[in-house]
4 protein chains.
Amino acid sequence: MKALRPETSRPVRSKAKSVERWNQLLLEATRLFRDRGFAATSMQEVSDAVGLLKGSLYYYVRSKEDLLVAILHDLHHRGEEIVSEVDLDSADPLHELYRYLCKLIVYAAENADRLSIFFRDFRFVPKGQQATIIRKRDMYREMAEQLIGRAIAAGQIPEAVNPAIASRTVLDGVSGIHEWYRKGGSLPLAQVADQIAGLLVAGLSQYQSRREN
Amino acid sequence: MKALRPETSRPVRSKAKSVERWNQLLLEATRLFRDRGFAATSMQEVSDAVGLLKGSLYYYVRSKEDLLVAILHDLHHRGEEIVSEVDLDSADPLHELYRYLCKLIVYAAENADRLSIFFRDFRFVPKGQQATIIRKRDMYREMAEQLIGRAIAAGQIPEAVNPAIASRTVLDGVSGIHEWYRKGGSLPLAQVADQIAGLLVAGLSQYQSRREN
Amino acid sequence: MKALRPETSRPVRSKAKSVERWNQLLLEATRLFRDRGFAATSMQEVSDAVGLLKGSLYYYVRSKEDLLVAILHDLHHRGEEIVSEVDLDSADPLHELYRYLCKLIVYAAENADRLSIFFRDFRFVPKGQQATIIRKRDMYREMAEQLIGRAIAAGQIPEAVNPAIASRTVLDGVSGIHEWYRKGGSLPLAQVADQIAGLLVAGLSQYQSRREN
Amino acid sequence: MKALRPETSRPVRSKAKSVERWNQLLLEATRLFRDRGFAATSMQEVSDAVGLLKGSLYYYVRSKEDLLVAILHDLHHRGEEIVSEVDLDSADPLHELYRYLCKLIVYAAENADRLSIFFRDFRFVPKGQQATIIRKRDMYREMAEQLIGRAIAAGQIPEAVNPAIASRTVLDGVSGIHEWYRKGGSLPLAQVADQIAGLLVAGLSQYQSRREN
DNA sequence: TATGAATGAGCCTTCATTCAT
DNA sequence: AATGAATGAAGGCTCATTCAT
């Protein structure tokens, strides 16, 4: 999880200290944005948290939104790895989906703060930078949709399943964990992941309509 | 879903015209809060939307938060009905769950705006009024957990399923629709609901662990 | 203490009820202005106190300042009587001063609310109407100054006494009672008045400089 | 009389320039509050007076009330010295009282602005901070009451004098000067002080009831 | 690197007052 | 006589941001 400074930031000289501060900044900002929301967090609070004066923040950041963008970039940066590890040509696409979902669940739980900020405060990302982030988010679902398609083709999922809807349902079931998962619960995270992914994958493979009217 | 004025609001005998304005206010505020977020929506924008001066809003509302609370009360008011219609003693608890989920899905889709506000901006509800609303939200999940418990007891769901986690997964899969459903899509809402609820219910009944390590 | 409506008020028809309301208005306004100050009292509070809606006040009053002016007029109206009862040609001007002061003290105690408003909020009286009220206030002191002058001429007060200063001191000592006197104290008001007036009159007649440098 | 920043104010190491501004702020605010009253003075007016933008005031102050409190603290800060200089065990308590009153008079005249604000606008001090200030004010009178008690015991004041009332009368006579004293009058302040204090002290020592009924 | 002072725009809210009914 | 709805101006305060030092 390398912390990336915004590409256009001001000149950097002494790396060590500077990078440290930047990471600290990101950390505290994440905590604050998560707790109070982006709009309701003031730069004053951020600067208090890192022990700088308000004005000094602008040596590290060009704007409050910079912080938000950095946090969200960080989030999806890691996520991309997970997506790239998927084997679309697996002989058992359903199980491949299971593995993919498990990783997403663990990832969502471990990045609950960032994810929460993403879901709530994405709209405060400057319009020009929204597309990049949205594309990454869509990537998660599209990968799920593709795997579902393969599994249908392979006969592992009934054709009655609508991949567009199912992929969304599955992703919603997976990412919702950021709202309720707390570290140190009774179940190990890996087991929680199996419960969720197992349920969703089973649902896909066994789906049948129960419509009455 | 009659829009209820907060009890604390001034005028008691609200004449026709007044009620109209109040509903209009709620409508526009909902739209704006949904689009821009509560914190980033100004009373100026709300008043512009209803054709009043900023200050005039306070004839109807005692604070910006009042608007938020009114919107969220409205939301859960309707939801309570759905919960109360559930037959906990049904001979087929799994199917009862399916029906419950379907209603929730339709409800979530039809109230996507309010739900979105709830998920994003609940934190701006004054502390003193948060509990009431939270309790209502918990109700949805607890009902699902109870039905899952009954279904396990009835042998419709394997005992390996953890009701606490499963109920959360199910609720997340259901409520997530507020993020992506748009009226007038290719599928009728009832069919979308069946896709989601069918998948989740099948997943519950057919869950099996795929854990590898 | 006849309550006078401002001369230019709107047409009056049914006298009884109207006058009643007006008196009630003055009473409540006096209480509120005294307790919260003129500037910090809202017409809303006044209307609440008399059981009318805010807008309805303007049937009785042309402006908030009208209320203030009416209260202060009332105050000095009564006071004028006291001044006019003084016998400037008394053979014992010092004792005449004592009697005058006693009446003022009783009056100040009984009108503590109005007096308090006068001292604190006179500045909110519209500029055009300030002169009239100021003139009345000056009247009290000028009468004291005149009596002191007579007493000096009669040899009852040493010539070293400066009437301008002494009259102010005496008036300050007298009117200060509005700040601390509470009905139902241990001493009857008449006795309190004697204590104050007795002290001041004795001081006038026995003054002697103690200046050291 | 160094102007003390409220402890709660942000910056800790106030550089020269900052202190200057703060003093200027206090000065102008005092003038404005005195002239227009606290409630009727806007922060806009204050900021205009010191040449800042309205919002910039809040770099120095946390609220309008902060300014008021600072002004009143300053006032009584100096006053405490005067009280502490009194020799309660003086062999001539009456004369000690005279000296005490003289100092108070000079002090009241020199701080007429602040005193005026105190008398008129004390009620706008936040409830939590009122007690501290009230206690200081009471101190002035209580000291007078004690000295009167000593003088009675020493036979310098007749026993008929009620110390509670007399001390109030004396204080009222003394502090009233803030309303009418203007610098550069015909009499030097020291002489004015002697006139007032001399009168009051003579009154105490020579008081006799003149009650008729 | 960081500070301290200031900006400027905007925000939520209050309130005296008006006026058609 | 009184109501109910609305106005319009102002008020206190917050905050992201800038910049000389």
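Reminder, nothing fancy here: chain letters follow the sequence lines and each chain counts from 1. Computed over heavy atoms, backbone and side chain alike; hydrogens, waters and symmetry mates excluded. Computed from a predicted model, the values in this text were never measured in an experiment.
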Go through E:dA16, F:dA1, E:dA5 for me and flag the one nearest to the C:S18 side chain. F:dA1
Under 4.0 angstrom, heavy atoms only, what part of the nucleic acid is C:S47 near: base, sugar-phosphate, or nothing? nothing
With A:F33, the ring pair (Phe, Tyr, Trp, His ring centres under 6.0 Å) member among A:F119, A:F124, A:F38: A:F38
What is the distance from CD of B:E20 to C1' of F:dA5, rounded to the nearest Å? 13 Å
Rounding to an integer number of Å, can you tell me how far A:D66 CG sits from F:dT18 P? 11 Å
Can you run through DNA chain E from 5' to 3' and write each base as (, ), [, ], | or . depending on how it pairs? Watson-Crick or G-U wobble, both distances under 3.5 Å. .||||||||||||||||||||
Which nucleotide in the list E:dT13, E:dG4, F:dT17 gets nearest to the side chain of A:E65? F:dT17
Using only side-chain N and O atoms of C:S56, determine if any of them is under 4.0 Å from OP1 or OP2 of F:dA1. no
Options F:dA16, E:dG8, E:dT13, nucleotide nearest the side-chain atoms of D:L53: E:dG8
According to a strict under-4.0 Å criterion, is D:R21 in side-chain N/O contact with OP1 or OP2 of E:dA6? yes
Contact class for D:L57 vs. all strands (heavy atom < 4.0 Å): base, sugar-phosphate, or nothing? nothing
Looking at every strand, decide which applies to C:S42 at a 4.0 Å heavy-atom threshold: base, sugar-phosphate, or nothing. sugar-phosphate
